[in-house]
There are 2 protein chains.
Amino acid sequence: MIEPVALNKGTPGEPCPIEAALDVIGTKWTFLIIRDLLIEGTLRFSDLLKGMEGISPKTLSLRLKELEAKGIIGRKVYPEVPPRVEYTLTERGRQLEGIFIELKRFGLTLAEK
Amino acid sequence: MIEPVALNKGTPGEPCPIEAALDVIGTKWTFLIIRDLLIEGTLRFSDLLKGMEGISPKTLSLRLKELEAKGIIGRKVYPEVPPRVEYTLTERGRQLEGIFIELKRFGLTLAEK
DNA sequence: CGGCATCCAATCGGATACTG
DNA sequence: CAGTATCCGATTGGATGCCG
């Protein structure tokens, strides 16, 4: 049985869990970075750059560092020449999959007439 | 049985449904407006204003008009003095509930140690 | 009450150039 | 390749004042 989840802002004095979630992933680029990592599993910096239409290296770098600091993604550097850096979701980051499934579900309803 | 949803960016040449969804609800204030309407059902302008810490009337007004134009919320004006305006989710807007349930679920996992 | 108009500050983010 | 540094334009959004 699926545990029902009632929407609310949290108990009085407590932070709203929906806001807490949005503090972690609540911007456009952050969503798209996580989307790509959920789909591909592991990606290099340049692959992320190519996969997201319109993002600049600077912005991608900033968002990746934020997500790493929040424990959503991991960063692994391979000491090679040329350098290689791979990004993956952490266990916590993979908990975000349900949100993206629902986003896709909703996005598909938009395409219906 | 729940239909499985595979994450992907959509078929080649097609828009990514996740991006389509984010185009509709992808900003901080937009999320919080919909959250409040999902919880409360119907809200007046001033109630939305009070429910969201930090938003200004101008910003709220702009976001509400965007959401109305996208068919997510409905706006009803009562010709009274003083005027009363109520906002509710449309049928399309209520389709967003699954996203918020998953956001809450994730937000609660953040609180766990 | 529920806005809109104006002004302005802060943040976001792209373009370009450079480096280990 | 994987960034960082600088510059600058665009966007967001708060403060204030006015109005039906």
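Atoms considered below: every heavy atom in the structure, side chains included; atoms not considered: hydrogens, waters and symmetry mates.
If you find the closest nucleotide of DNA chain C to B/E86 and to A/I55, the one lying nearer the 5' end belongs to B/E86. Judged by closest nucleotide on DNA chain D, A/P83 is the one of A/P83 and A/K58 placed further toward the 5' end.
Using a 30° and 60° split on the angle between ring planes, B/F31 and A/F31 fall in the parallel class, below 30°.
As judged by a 4.0 angstrom heavy-atom cut-off over every strand, A/Y87 is placed among residues touching the sugar-phosphate backbone only. Across all strands shown, B/P57 has no heavy atoms under 4.0 Å from either base or sugar-phosphate atoms.
The side chain of B/T59 places no N or O atom within less than 4.0 Å of a non-bridging phosphate oxygen (OP1 or OP2) of D/dT12. For the OP1/OP2 pair of D/dT12 and a distance below 4.0 Å, the side-chain nitrogens and oxygens of B/W29 include no atom meeting the criterion.
A salt bridge does not link A/R75 with A/E86: every distance from a Lys NZ or Arg NE/NH1/NH2 to an Asp or Glu carboxylate oxygen is 4.0 Å or more. Under a 4.0 Å N-O distance rule, the pair A/R94/A/E97 does not qualify as a salt bridge. Salt bridge status for A/K9 with B/D36: present, with a side-chain N to carboxylate O gap under 4.0 Å. Salt-bridge formation is not detected for the pair B/R44/B/D47: no Lys NZ or Arg NE/NH1/NH2 atom is positioned less than 4.0 Å from an Asp or Glu carboxylate oxygen.
For the contact set between residues 62-77 of chain A and DNA chain C, defined by any heavy atom under 4.0 Å, the members are A/R63.
Chain B approaches DNA chain C within less than 4.0 angstrom (heavy atoms of the protein), and the contacting nucleotides run 5' to 3' from C/dC1 to C/dC7.
We find that CG of B/L60 is positioned 16 Å from C1' of D/dA15, with the value rounded to whole Å.
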Full working for side-chain contact (heavy atoms from CB on, under 4.5 Å) between A/T90 and A/E68: CA-CA 9 Å; A/T90 60; A/E68 189 187 358; over 6 Å; no
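The side chain of A/R44 has D/dC1 as its nearest neighbour among D/dA15, D/dC1, D/dT6.
No side-chain donor-acceptor contact under 3.5 Å links B/T42 to the backbone of B/T88.
Side chains of B/I33 and B/M52 form a contact here, defined as non-hydrogen atoms less than 4.5 Å apart. At a threshold of 4.5 Å between non-hydrogen side-chain atoms, the residues A/I72 and A/T30 do not count as touching.
Shown here is B/E80, whose CD atom has more than 12 heavy atoms of other residues, nucleotides or ligands within 6.0 Å.
End-to-end axis angle of the helix from C/dC1-D/dG20 to C/dG20-D/dC1, from C1' rotation axes over five pairs per end: 50° (rounded to 10 degrees).
Under the 6.0 Å distance and 45° angle rule, A/R84 counts as a cation-pi partner of A/Y78.
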